[in-house]
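Worth knowing before you read on, the calculation uses all heavy atoms, side chains too, and leaves out hydrogens, waters and symmetry mates. Whatever order the structure lists them in is the order used to number ligands and atoms, beginning at 1. None of these values were measured; they are calculated from a predicted model.
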Amino acid sequence: MNQQDTPKVALVTGAGRGIGKAIAESLAAEGHTVVCVSKNPASCGGVAEAIVAAGGKAVAKAVDIADSAAVSAACAEILAQFGAVDILVNNAGITKDGLVMRMSDSDWDDVIRTNLSGAFHWVKGLVSPMTRKRWGRIVNISSVSGVQGNAGQANYSAAKAGLLGLTKALAREFAKRNITVNAVAPGFITTDMTAVLPEEVQQKIKTMIPLSRFGSPEEIAATVKFLCSESAGYITGQCFSVDGGMAM
Ligand code: NAP
């Protein structure tokens, strides 16, 4: 932990598995209290328990982030318990892939509501005390699909590109309150999300990645941890690609 870093309260969505779990663990290792959010109580509960068992501080909160009323109620409960959340990582996301001509309205809406509107609702619910403290970090997890676009992922690419616009707008809106807002755009990372890709598709994708391999959740968490630190206090409105060189 940087000498200047003091323990904070962090909230990570999608902390039950994959990238979000690695982010929650790395922020807990910095001494922060981590509110682990996921849809399934067992997944965020397991991660929070493991952090506590390892000597860290964490609580679990099961919330469907696609449900704006549920997010708003959860924010009120979390603020009643902790007073403020200092670090917000909007990581939870889903895919419902398909070519546009065959994409259902519900697959479009579900992905936008979860991946993009979800982030907006957490910011709206948590930012007020952050502005009063005049210190905050918000990190939105976008994707190489949002940076470059990806055929078969119009809904996901639009949501992830939307997160980049949201990041830049929020960075300008909250800069005077000393709140930084940045995005991280992972490439292909080894998690449940990419485990569904057939082996031959994974091999083909690796030929398109300059570093020739998928990344690990910990490699995304390392960048997020830095952006949430005191040392990153002069960085805002940026998108960091952590993608093995895909989006140069
Ligand atoms: P993952 O392994 O599928 O885990 C997703 C997490 O998000 C889970 O904890 C899940 O909760 C949670 N979640 C999904 N929908 C939710 C909802 N409606 N309400 C609350 N929680 C919800 O995904 P991942 O690969 O770690 O991806 C994390 C983020 O990185 C996503 O935004 C993804 O788009 C982005 N990303 C991933 C990759 C990649 O290659 N893996 C690449 C670029 C960007 P439960 O555990 O309860 O199901």
### Task
Show which residues join I189 in its hydrophobic cluster (side-chain heavy-atom contacts under 4.5 Å, direct or indirect), or state none.
V12, I19, I23, L27, V34, I87, V89, W135, V139, I141, V184, I220, V224, F226, L227, I235, F240, V242
### Every residue of the protein that comes under 4.0 Å of ligand 1, judged on heavy atoms
G14, G16, R17, G18, I19, S38, K39, N40, S43, V63, D64, I65, A66, N91, A92, G93, I94, T114, I141, S142, S143, Y156, K160, P186, G187, F188, I189, T191, D192, M193, T194
## Note on the structure
Looking only at heavy atoms, the pair that brings A247 and V144 closest together is CB-CG2, 4.1 Å
### Task
Could you tell me whether the side chains of Q153 and D97 share a donor-acceptor contact shorter than 3.5 Å?
yes
### Query
Are Q81 and E77 linked by a side-chain donor-acceptor pair shorter than 3.5 Å?
no
### Summary
Sorted by chain and number, sequence neighbours left out, ring-ring contact (aromatic ring centres under 6.0 Å, His included) with F214 holds for F188
#### Entry: Any residue meeting side-chain hydrogen bond (donor to acceptor under 3.5 Å, both in side chains) with K206, in chain and number order, not counting sequence neighbours
none
